[in-house]
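Below: the structure, in structure tokens.
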Amino acid sequence: MAHFLFTESQKKAITDAIADAEKLTTGEIRVHIEERCKEDVMDHAAFIFEKLGMHKTKLRNGVLFYISFEDHKLAILGDAGINAVVPRDFWEVIRNNLFAEFKNGNFTTGICAAIQMAGEQLGKHFPKGVDNPNELTNEISFGSKNPDR
């Protein structure tokens, strides 16, 4: 099962990285991990993005890190609000950094660094305001939300 890929302390490091990144912004960051992705990784990440309700944030500034570890697939999906303001190659740069960390076996460190990079951009474009509710959980989600996928 995908949730056994990380120790409890590694999971905590990732959720802490999300919480720290979200202190800078009204944006929302999620990490979803599966063993396998049976379809195009971007299509499946979009499916998970919707199933996790990430498209429902007030400013459309959610970011999903989708990882299919057995298939070595990775997708980073930003919602319309954040995609409209980040540099065109922003997600590709983060994705390449993540793959480099993964190749070196630095899974937790890589994910935390990617979350920090996303949080910095979210903070620039969607700074934390007086009203900054945590619209989505910071917990890592595991497995498919649809067993056919």
Side-chain angles (χ1 to χ4, degrees), residues 2-35 37 40-69 71-102 104 106-146 149:
H3 64 281
F4 293 119
L5 180 64
F6 296 96
T7 65
E8 289 304 316
S9 64
Q10 290 169 324
K11 290 177 196 175
K12 184 175 179 343
I14 294 168
T15 57
D16 286 350
I18 293 170
D20 288 345
E22 289 181 355
K23 287 178 185 173
L24 307 171
T25 180
T26 59
E28 295 289 335
I29 299 171
R30 294 289 315 263
V31 174
H32 183 84
I33 300 172
E34 295 181 345
E35 291 180 48
C37 177
D40 176 79
V41 68
M42 289 303 287
D43 289 345
H44 190 65
F47 170 78
I48 296 297
F49 193 95
E50 183 179 341
K51 288 296 176 188
L52 294 175
M54 296 189 68
H55 62 294
K56 296 179 180 178
T57 60
K58 183 177 179 181
L59 298 175
R60 301 292 305 267
N61 56 357
V63 176
L64 174 65
F65 290 90
Y66 171 84
I67 301 163
S68 172
F69 71 89
D71 300 320
H72 302 257
K73 293 181 181 180
L74 168 66
I76 304 170
L77 214 57
D79 206 345
I82 187 68
N83 283 342
V85 294
V86 295
R88 179 166 248 213
D89 66 343
F90 181 68
W91 302 122
E92 186 176 336
V93 169
I94 293 179
R95 185 177 173 276
N96 291 342
N97 287 343
L98 257 174
F99 269 130
E101 290 290 341
F102 287 1
N104 291 322
N106 301 324
F107 300 104
T108 304
T109 303
I111 293 169
C112 290
I115 289 167
Q116 180 182 6
M117 289 175 70
E120 288 169 0
Q121 280 294 313
L122 284 164
K124 285 180 188 176
H125 301 289
F126 301 95
K128 179 180 177 177
V130 176
D131 182 26
N132 188 29
N134 192 12
E135 296 178 83
L136 301 172
T137 180
N138 295 343
E139 294 303 311
I140 303 166
S141 57
F142 293 94
S144 178
K145 295 290 182 181
N146 180 343
R149 290 184 156 226

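Predicted model, so just to flag it, every value in this text is computed and none were measured. Basis for what follows: all heavy atoms, side chains included, without hydrogens, waters or symmetry-related copies. Residues take their numbers from the sequence shown, with the count starting at 1.
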* Asked: Got a donor-acceptor contact below 3.5 angstrom from the R95 side chain to the F90 backbone?
  -> no
* With a 4.5 Å limit on heavy-atom distance, are the side chains of L136 and M54 in contact? -> yes
* Taking every non-hydrogen atom, the tightest pair across E34 and Y66 -> OE1-OH, 2.6 Å
* Asked: Which pair of heavy atoms, one from C112 and one from A13, lies closest together, and at what distance?
  -> SG-O, 3.5 Å
* Asked: Has the side chain of H32 got a donor or acceptor atom that lies under 3.5 Å from a matching backbone atom of I140?
  -> no
* Answer yes or no: is there a side-chain heavy-atom contact under 4.5 Å between T137 and R30? => yes
* Where is the tightest heavy-atom contact between I29 and A118, given as atom of each residue plus distance? -> CD1-CB, 4.4 Å
* In Å and rounded to the nearest 0.5 Å, what is the NZ to CG distance from K73 to D40? -> 7.5 Å
* **Point-to-point distance, once rounded to the nearest 0.5 Å, from CD of Q121 to NZ of K124** => 4.5 Å
* Not counting sequence neighbours, which residues clear side-chain contact (heavy atoms from CB on, under 4.5 Å) with D20? List them please. => K23
* Is there a donor-acceptor pair closer than 3.5 Å between any side-chain N or O of R60 and the backbone N or O of I82? -> no
* Asked: Of all heavy-atom pairs between I76 and M42, which one has the smallest distance, and what is that distance?
  -> O-CE, 4.2 Å
* **Heavy-atom closest pair, residues D79 and H55** => OD2-CA, 3.4 Å
* To do: Could you pull out the closest heavy-atom pair between L98 and I111, with the gap in Å?
  => CD2-N, 3.6 Å
* Asked: If only atom types and distance count, is the side chain of T25 paired as donor or acceptor with the main-chain N or O of F126 below 3.5 Å?
  -> yes
* With a 4.5 Å limit on heavy-atom distance, are the side chains of K58 and T26 in contact? -> no
* To do: Applying side chain to side chain contact (heavy atoms under 4.5 Å, CB included), run through I14 and F6 and close with a yes or a no.
  => CA-CA 10 Å; I14 294 168; F6 296 96; 4.0 Å; yes
* **Any donor-acceptor pair under 3.5 Å from N138 side chain to T15 backbone** => no
* At what distance, to the nearest 0.5 angstrom, does CZ of F69 lie from CD1 of I33? -> 8.5 Å
* To do: Using distance alone, with no hydrogens and no angle criterion, decide if D71 and S68 have a side-chain donor and acceptor under 3.5 Å apart.
  => yes
* Asked: Yes or no on side chain to side chain contact (heavy atoms under 4.5 Å, CB included) for N61 and H125, after CA distance, side-chain angles and deciding distance?
  -> CA-CA 9 Å; N61 56 357; H125 301 289; over 6 Å; no
* Asked: Can you name the side-chain contact (heavy atoms from CB on, under 4.5 Å) partners of N96, sequence neighbours left out?
  -> E92
* Asked: At what distance, to the nearest 0.5 angstrom, does CG of N104 lie from CZ of F99?
  -> 13.5 Å
* To do: Report the distance from atom OG1 of T108 to atom CZ of F102, rounding to the nearest 0.5 Å.
  => 8.5 Å
* Structure fact -> Between I48 and the options L64, D43, L77, the side-chain contact (heavy atoms from CB on, under 4.5 Å) test singles out L64
* Give, for atom CD1 of I115 and atom CG of L122, the distance between the pair rounded to the nearest 0.5 Å. => 11.5 Å
